[in-house]
Amino acid sequence: MAELVIAEKSELTNIANAIRAKTETADTLALSEMPQMIMDIETGVDTSDGTATASDILSGKTAYVDGTKVTGNIATKTSSDLTASGATVSVPAGYYSSGISKSVATATQATPSISVDSAGKITASATQTAGYVAAGTKSATKQLTAQAAQTITPGTSNKTIASGRYLTGTQTIKGDANLVAGNIKSGVTIFNVAGSFEGEGLNLVVVGGTTQPTSPADNTIWVNTSTTINGYAFSKDAPTSPTSGMVWFETNIGGTASINVDKENTVMIYPIGCKQYISGAWVLKPVMTYQDGQWQDWIRFLYNYGETDLTFSFSPQQFANGFLGEDYIHLESTNKYSGTVNMSASPAIDLTPYTVAKIEIENTGGYATMTIYLGSAYWQYKGELSKTTVSIDISSLTGEHSLSASRITNSDSRAVGITKIWSIRLE
Amino acid sequence: MKIYIDNDYKCHVTNNGDMREFDVPFFDGKCADYIEGHRYVPQNETWIRSDRVEFKGGMIAPFINYAKLEKAQLTYEKEQAELALNILIGNEVNE
């Protein structure tokens, strides 16, 4: 007979509780079931929920996953397994037990060189050796030849700014508002401006008007006239086919005004008078030339063979007569014993520029007294006189003075007579 | 008026002994300064100026700036007029 073993109740309960704890049940357990249940209790670690695979486990190491022993295949690596190539450091897969490092090749930062080509392109170039370059700055400079600000005034020869220069200031090439066609002689081109100034063709300019020009150029001939000048001629004799307004500068070797009309050579003219063709007749006109910084009078005809720019008046007394003839001033005594005629001219004449008055005069018919007055100077003659030229010294007369004349027949004449004044001129 | 000319035809109101005497009505009433500022070239004589210009007589022409001569003559005429006025009204005349 088997032995009956008696266990206490509490001990059984404890066993049941232990089984329930292991099986995680709260069921009532039959004693008869307990042995099997105990047998069914899994012992050891529960690996059912394990998820590791071989690639999660170091090589040579094992683990149990869901009841299965797994051997790891993760290789253990060291820093010697790292490789560096250029900028790339390769880290093979595996386990590294601690921080690893790998040195890479270093290189010195290259210094660029600078060049400038003929087109002005600036190139900075540096040849860098392979390797790690530490942070930092390398610089290079190249000093270009500088050109500071300047002002260039064009002249007769070319002026240049050298090539290959860096301009540090404004380059000013001067211009001139006078560089226009009208200021340049025709046929001449200056800086691409073709001249159009025709000029007078000679080394002189003729101007009209009744106001003396201010700031005239040298060799300016001013004809004191209110009639527009339409051309001019220098000649001994009057132009044969003048147009209205034409000026005739009478020339003669005795002229006191001398003008070099050629700009390069010497071509002298000696004008002695000036007349303008007005309303079909030549009219005497006062004229001056600007030379060597001053105005110079030409010979001025107060009267010349019928031509004058003065107004003459006559005061004949009994047995006398006076008038402007076609070619001469006519002063006449109609009685052989008496007869006085006075003549005056207006306006008064400025004698300042002149030093001598010359009169072409003639007297016929006895012992008449002829007198020509210019201010306080006069010439007087008693008797017959063939046509001749007489002079009066007027060099000390300045300002305006009047021209007058007289013919007096006295009782000694015993002949009617005529005084003819052909010309009166001032030099 | 009687005037005297030297060998340069300049007029004088007194004769220093070498001058020639002429009666020239033109100078009637003129003062000494006025007269002695003129030249008188008698008819049929010729004076040659320093610039070689010839002046045949009879010619009278100033050789001193005429403005001065005119001023002298005006002064003279004024003095003469004052003198005449004083005489006219019986003022004492101091010579």
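Bear in mind the structure is a predicted one, so any value in this text is a computation, not a measurement.
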Query raised in the report: Passes side-chain contact (heavy atoms from CB on, under 4.5 Å), B/M59 versus A/V390? Steps please.
Result: CA-CA 9 Å; B/M59 182 196 79; A/V390 297; over 6 Å; no
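- To the nearest 0.5 angstrom, B/E70 atom CD is 10.0 Å from A/L397 atom CG.
- A/K387 NZ: more than 12 foreign heavy atoms inside a 6.0 Å radius.
- With a 4.5 angstrom heavy-atom cutoff, B/I60 touches chain A via backbone and side-chain atoms both.
- Surrounding CD of A/E326 are at most 12 heavy atoms belonging to other residues, nucleotides or ligands under 6.0 Å away.
- Within the 4.5 Å cutoff, no side-chain heavy atoms of B/L69 are placed close to those of A/S376.
- Each of B/G57, B/A61, B/G37, B/G58 has some count of heavy-atom pairs under 4.5 Å with chain A, and the biggest count is that of B/G58.
- When each of A/G383, A/S395, A/S391 is checked for heavy-atom pairs under 4.5 Å with chain B, A/S391 comes out on top.
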Query raised in the report: Please walk me through it: do A/D393 and B/W47 pass side-chain contact (heavy atoms from CB on, under 4.5 Å)?
Result: CA-CA 10 Å; A/D393 178 16; B/W47 167 63; 3.5 Å; yes
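- When every heavy atom of B/P62 is checked against every heavy atom of A/A377, the shortest pair comes out as CD-CB, 4.0 Å.
- By the 4.5 Å heavy-atom criterion applied to side chains, B/F55 and A/V356 are counted as neighbours.
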Query raised in the report: Stepwise, does the side-chain contact (heavy atoms from CB on, under 4.5 Å) test hold for A/T388 with B/K56?
Result: CA-CA 11 Å; A/T388 187; B/K56 298 176 184 176; 4.0 Å; yes
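- Considering only heavy atoms from C-beta on, A/Y381 comes within 4.5 Å of B/N44 through its side chain.
- Side-chain contact check for B/F26 versus A/Q380: every heavy-atom pair is 4.5 Å or farther apart.
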